[in-house]
Amino acid sequence: MDTNQLNVGVALGGVAPEHEVSIISALQATAALDRDRYTPVPLYIAKDGTWYSGKPLLNVDRYADLDALLDEAFRVALRPTPHGRIELIEQRESGALGRLMRPPRRIPVDVMLLGLHGGAGEDGGLQGLCETFNVPYTSTGVFGSALGMDKVMSKRICEQAGIPVVEFVSFREDQWAYDEEEGLDQCEEEIGYPMVVKPARCGSSIGIARADTRGQLDAAIEDAFRYDSKVIVERAVEEMREINCSVLGDAHEATPSVLEEPKPSDEDEVLTFQDKYMRDEGDGGGAKGGGAKSAESAPEGMASLDRVVPAPLPDDRTEHIQELALRIFHLFECAGVVRIDFMIDESRQPSGQLYFNEINTIPGSFSFYLWEPSGVPFDELVDRLVQIARRRHREHNGRVRTYDVNLLSEKSLQGLKAGGGDEG
Ligand SMILES: Nc1ncnc2c1ncn2[C@@H]1O[C@H](COP(=O)(O)OP(=O)(O)O)[C@@H](O)[C@H]1O
Ligand SMILES: [Mg+2]
């Protein structure tokens, strides 16, 4: 066997509404992994938070019957090692007879490919676990992931950097419960109808609603609090075009992709969860993202949305958006592949006002459908993600992280005691 062969732990599923979407994204990327160099090792996070591994988890068709699939998979726990890799250790029920028959399976993992959308998989939680276990991982770090997940904080960061964002206010649940009427007044005074209400840290349009009256606004905010303890209320942009740009790279070098203009099924509505992920094959034109080597029957996830690629915009506007996307990538200290979403308010003349809307630090389908027309095929994209993860890990490990002096050694403690410790 090639000694340079790397085991790539593919994290998929997750405790988030986008569980199934994550399975699609992660298995699309797995299908694009060069098997001569990389061996995929699934790490499936079930909806109840338990972790599994096992080959059948790499087959998207098997997820239709989850009980049968999990019967063939096995529970695992993560174990750090001193060498910058982790091990997946098979977990057995204590007292199981199987324990006597063979030792638990141990699978080394050299780099984690994070294919989770939403929740702890995207908000820095899992990134923090990888940092703590000192294993390379393919996404933006803890800081940028947490910031990027938060629609309020990410808008503030961009605003502060002089990048326009639509007018917004935000509420925490405790504030809201304290004075609802005052909150509604504030929205009406500072924004005005129509408004869009969103949970601050969700995705896939979950919990998002439009409000045209005070009654609707109140109901929409209450509903959004079912998903998150923080809510953002924005001016609804009525004559809107949405334009997205992916960026690939890290602090050293980063490249913007061609732009996409996604199209909702109903021109008047926001893009829904259904629009994004549940379009049927042949349900309209647009540049569907074929090309993935995943099973033919597999759903296409984010790649199934109707979109125009490249977005029909004048060259100077395209370049301006790409430059902004690069700036935002660096503001959030991103790494790997991200997608930055903009809105154009066409009612603001002369040529429409551009706003930053949100950043997705683990974009649906890893945005491969934007990279193919940008000259980066999916296998190369995944390869770059792995190489960026390893480079960041090497750099991080090259810095001073511990001191060799043991402050708790006999000699040091004597010094402490002499200096008036508990004997003093
Ligand atoms: N201020 C707004 N005005 C009008 N439509 C909006 C506004 N904000 C979001 N939308 C619509 O709602 C969709 C989802 O909102 P977005 O902020 O992208 O959240 P998510 O993380 O759920 O994708 C957008 O794609 C867009 O169609
Ligand atoms: Mg969005």
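These numbers come from a predicted model, not from an experiment. All ligand and atom numbering here is 1-based and tracks the order in the structure. Just so you know, residue 1 is the first one in the sequence shown, and it goes up from there.
Salt bridge annotation for Arg85-Glu87: absent, with no cationic side-chain nitrogen under 4.0 angstrom from a carboxylate oxygen. Taking 4.0 Å as the cut-off between side-chain N and carboxylate O, Arg75 and Glu90 do not count as a salt-bridged pair.
Under a 4.0 Å heavy-atom criterion, Met343 is in contact with ligand 1.
The N/O atoms of Asn360, backbone and side chain alike, include none that comes under 3.5 Å of an N/O atom in ligand 1. Close N/O approach between Asp341 and ligand 1 is not found [any backbone or side-chain N/O within under 3.5 Å]. Looking at Val237 next to ligand 1, an N or O pair under 3.5 Å apart turns up.
Taking a cut-off of under 4.0 Å to the non-hydrogen atoms of Ala236, the atoms of ligand 1 that pass are 3 (N). The contact set between ligand 1 and Ile208, taken as ligand atoms under 4.0 Å from a residue heavy atom, comprises 14 (C), 15 (O), 19 (O), 22 (O).
Atom CD1 of Ile232 sits about 4.5 Å away from atom CD of Glu234, to the nearest 0.5 Å. Rounding to the nearest 0.5 angstrom, the gap separating the CD1 atom in Ile388 from the OG atom in Ser139 is 11.5 Å.
Nearest to atom 6 (C) of ligand 1 by heavy atom, out of Val196, Val165, Asn357, is Val196.
Atom OE2 is the N, O or S atom of Glu358 at the shortest distance from the Mg ion (ligand 2).
With a heavy-atom cut-off of 4.0 Å, Glu242 touches ligand 1 through its side chain alone. Only the side chain of Lys151 comes within contact range of ligand 1, with a heavy atom under 4.0 Å; no backbone atom does. Contacts of Ser204 with ligand 1, taken as heavy-atom pairs under 4.0 Å, involve the backbone alone.
With no hydrogens or angles considered, a side-chain donor-acceptor pair links Glu395 and His252 at under 3.5 Å. No hydrogens or angles considered: nothing links the side chains of Glu239 and Ser347 as a donor-acceptor pair under 3.5 Å.
Figure legend: cation-pi geometry between Arg307 and Tyr369, with NZ or CZ positioned under 6.0 Å from the six-membered ring centre and within 45° of its axis.
Shown here are the side-chain hydrogen bond (donor to acceptor under 3.5 Å, both in side chains) partners of Glu159, two or more places apart in sequence or in another chain: there are none.
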